[in-house]
Amino acid sequence: ARRYLTDAIFPFYIVHQTAIIVFAVWLRPLRWHPLLESMVLVALVAATCVATYEIVRRIGAVRPLFGLKPVVASPT
């Protein structure tokens with residue numbers, strides 16, 4: 001778990017602020033109670049960060065854009 005989270009830190013950092021703004025703008029017109037809105041916002045941002053990391057770590061060309069080391073092909 002520690003290795004996974006260590007690798008995920010920078011992609012999460014890159015994605016989280018944009019996700020917060022986008023989801024906050026989408027949720028604003030609903031005029032939910034602030035507690036409910038904040039819980040939904042946290043869940044949406046967390047899910048977005050995890051999904052983005054899972055996608056980025058599998059696409060070699062995109063990895064460096066999110067601060068991950070490029071995948072080195074193992075010699076056969």
Do [X] and [Y] sit in one hydrophobic cluster, given that two such residues count as connected whenever their side-chain heavy atoms are within less than 4.5 Å of each other, even indirectly?
X: Tyr4; Y: Val15; result: yes
X: Val45; Y: Phe12; result: no
X: Val22; Y: Ile20; result: yes
X: Phe10; Y: Val56; result: yes
X: Val50; Y: Leu65; result: yes

Inset, instruction - For Leu30, enumerate each residue passing the side chain to side chain contact (heavy atoms under 4.5 Å, CB included) test, keeping only those at least two apart in sequence or located in another chain. - result: Leu27, Trp32
Legend entry - Qualifying residues under side chain to side chain contact (heavy atoms under 4.5 Å, CB included), relative to Ile59, sequence neighbours excluded: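 Only Ile55, Val62 meet the side chain to side chain contact (heavy atoms under 4.5 Å, CB included) criterion with Ile59.
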Legend entry - Interatomic spacing from CD1 in Ile14 to CD1 in Ile9 - rounded to 0.5 Å: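 So the CD1 of Ile14 and the CD1 of Ile9 are separated by 11.5 Å.
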Legend entry - Between CG on residue Leu44 and CE on residue Met39, distance to nearest 0.5 Å: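 So the gap between those two atoms works out to 12.0 Å.
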For the residue pair [X] and [Y], establish whether any side-chain heavy-atom pair is separated by less than 4.5 Å.
X: Phe23; Y: Val40; value: no
X: Pro11; Y: Thr52; value: no
X: Pro70; Y: Arg63; value: no

Suppose the criterion is salt bridge (Lys or Arg N to Asp or Glu O under 4.0 Å): which pairs have a residue in [range], not counting sequence neighbours?
range: residues 7-19; value: none
range: residues 30-40; value: none
range: residues 47-61; value: Glu54-Arg57, Glu54-Arg58

Inset, instruction - Return each pair, listed once, that meets side chain to side chain donor-acceptor pair (under 3.5 Å) where at least one residue sits in residues 18-28; pairs must be two or more places apart or across chains. - result: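 Listed by first then second residue: nothing to list.
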Legend entry - Ring-ring centroid check Phe66 Tyr53, cutoff 6.0 Å: no
